[in-house]
Amino acid sequence: MKNYQILRIIVAMFVAIVVGLSVSIGNILPAILGIVIGAMVSYIYKKSTNEIVEDERITKVSEKASRIAIVVFSISIALIGMFLITLQNAYPDYVQAGYTLSYSSVALLILYYIFYGYYNKKYGY
């Protein structure tokens, strides 16, 4: 578990450095390659190691954190979108951003419920 955490930190630093350099030179290809290489290295190490890298507690905490993050994010972007739409008389340039945020919130919730229904059927809860 300890070796996997160290590897994840190193991979995250590598990806951050590559993406930073990619932004500074104005080319997106190195950023995409860095992310793909980092994901591949992490995946290969996780599959080839014999250490326990995940247990039930980590999975449960991750599930709860993901659900709360989706709820907070979707509510936040819905409220910001609504706020920008209501200010259309004062700031007409931001109306499109408000609609985009509102529709993104709806799309995120639809996607959540699709996956919720799928996993609910799959695991029979």
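Residue indices begin at 1 and follow the sequence shown. Because the structure is a prediction, the values reported are computed rather than measured.
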Query - Over 12 non-hydrogen atoms of neighbours within 6.0 angstrom of CD1 in Ile70 - result: yes
Query raised in the report: Got Phe14 and Ile37 here, is their nearest side-chain heavy-atom distance under 4.5 Å?
Result: yes
Query raised in the report: With a 4.5 Å heavy-atom cut-off, do Ile35 and Val19 have their side chains touching?
Result: yes
Can you hop from [X] to [Y] via hydrophobic side chains spaced under 4.5 Å?
{"X": "Tyr123", "Y": "Tyr118", "result": "yes"}
{"X": "Ile114", "Y": "Val106", "result": "yes"}
{"X": "Val36", "Y": "Val18", "result": "no"}
{"X": "Leu79", "Y": "Val71", "result": "yes"}

Report task. Indicate the atoms forming the closest heavy-atom contact of Pro30 with Ile25, along with that distance. Result -> CG-CD1, 4.4 Å
Report task. Indicate the atoms forming the closest heavy-atom contact of Ser74 with Leu109, along with that distance. Result -> OG-CD2, 3.8 Å
Report the distance from atom [atom1] of [X] to atom [atom2] of [Y], rounding to the nearest 0.5 Å.
{"X": "Ser22", "Y": "Leu33", "atom1": "OG", "atom2": "CG", "result": "9.0 Å"}
{"X": "Ile68", "Y": "Phe73", "atom1": "CD1", "atom2": "CZ", "result": "15.0 Å"}
{"X": "Ile80", "Y": "Ser104", "atom1": "CD1", "atom2": "OG", "result": "11.5 Å"}

Report summary line: Arg67 meets the side-chain hydrogen bond (donor to acceptor under 3.5 Å, both in side chains) criterion, sequence neighbours left out, with Tyr112
Compile the donor-acceptor pairs under 3.5 Å between side chains in residues 82-101 and protein atoms, sequence neighbours left out, one pair per line.
| unit_1 | atom_1 | unit_2 | atom_2 | d |
| --- | --- | --- | --- | --- |
| Thr86 | OG1 | Met82 | O | 3.2 |
| Thr86 | OG1 | Phe83 | O | 2.8 |
| Thr100 | OG1 | Gln96 | O | 2.8 |

